[in-house]
A.B. asks: 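Below is a structure I'd like to ask you about.
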Amino acid sequence: ALDKIARSWFWWLLSQRYLGFYLDAICVTFLACLLVATILLRNHHQPQILALALLYAVQLAGTFQWTVRQHALAESFMASVERLVEYGDMQ
């Protein structure tokens, strides 16, 4: 029984790591596109505004990752609670 629990925990942990990697890839792609746009617009806008846009984008990327991971974690825990309630009602 412990082996089954460890196996399910491993797959849950692996899925969380995959989600983190996928979110990192999305954020890096977004930041790279923003950086290219910043370089192309450097003659048309003030450098302070462009730097501020990059700074906010990095902060937004971190908040986005944290929010999605917390949502996935809460969803996983709620599924566990639903299973416990269902198993409790079986008796």
Side-chain angles (χ1 to χ4, degrees):
L2 185 59
D3 212 15
K4 288 181 181 180
I5 293 171
R7 190 178 314 137
S8 65
W9 177 258
F10 171 76
W11 284 110
W12 180 82
L13 189 61
L14 189 65
S15 68
Q16 291 295 317
R17 294 297 174 196
Y18 174 75
L19 177 64
F21 177 77
Y22 185 69
L23 290 175
D24 283 340
I26 289 173
C27 289
V28 164
T29 304
F30 173 71
L31 291 173
C33 291
L34 185 63
L35 185 63
V36 168
T38 303
I39 291 170
L40 293 175
L41 294 173
R42 71 178 180 254
N43 295 328
H44 302 290
H45 295 287
Q46 296 176 1
Q48 297 86 357
I49 299 297
L50 297 175
L52 189 62
L54 287 173
L55 179 68
Y56 280 151
V58 169
Q59 289 178 348
L60 183 64
T63 303
F64 170 71
Q65 291 174 1
W66 180 82
T67 303
V68 171
R69 284 185 180 186
Q70 291 301 313
H71 175 73
L73 191 62
E75 185 74 28
S76 176
F77 287 151
M78 290 307 290
S80 298
V81 170
E82 288 174 357
R83 268 188 246 124
L84 286 173
V85 168
E86 178 128 357
Y87 293 153
D89 290 339
M90 285 182 163
Q91 296 174 352

A.B. asks: If I take atom CZ from residue Arg17 and atom CH2 from residue Trp12, how far apart are they, to the nearest 0.5 angstrom?
C.D. replies: 9.0 Å
A.B. asks: Is the CD atom of Glu75 crowded by more than 12 outside heavy atoms at less than 6.0 Å?
C.D. replies: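 Check fails, neighbour count at 12 or below.
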A.B. asks: Do the side chains of Tyr18 and Leu13 get nearer than 4.5 Å, heavy atoms only?
C.D. replies: no
A.B. asks: Drop me the distance from Leu19's CG to Leu14's CG, to the nearest 0.5 angstrom.
C.D. replies: 11.5 Å
A.B. asks: Is the number of heavy atoms from other residues, nucleotides or ligands under 6.0 Å of Trp66 CH2 greater than 12?
C.D. replies: no
A.B. asks: Please table the atom pairs, donor to acceptor, closer than 3.5 Å between any side-chain atom in residues 32-45 and protein atoms at least two apart or in another chain.
C.D. replies:
residue: Thr38; atom: OG1; partner: Leu34; partner atom: O; Å: 2.7
residue: Arg42; atom: NH1; partner: Ile39; partner atom: O; Å: 3.2

A.B. asks: My understanding is that only residues two or more places apart in sequence, or in another chain, count here; which of them pass side chain to side chain donor-acceptor pair (under 3.5 Å) with Ser15?
C.D. replies: none
A.B. asks: For Gly20 versus Arg69, what's the shortest heavy-atom pair and its separation?
C.D. replies: CA-NH2, 2.8 Å
A.B. asks: Has the side chain of Thr67 got a donor or acceptor atom that lies under 3.5 Å from a matching backbone atom of Thr63?
C.D. replies: yes
A.B. asks: Going by side chain to side chain contact (heavy atoms under 4.5 Å, CB included), name the residues that satisfy it together with Phe30, two or more places apart in sequence or in a different chain.
C.D. replies: Ala57
A.B. asks: Hey, could you give me the CG/CG distance between Leu60 and Leu31, rounded to the nearest 0.5 Å?
C.D. replies: 9.0 Å
A.B. asks: Any side-chain heavy atom of Ile49 within less than 4.5 Å of one from Gln46?
C.D. replies: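 Yes. Closest side-chain heavy atoms under 4.5 Å.
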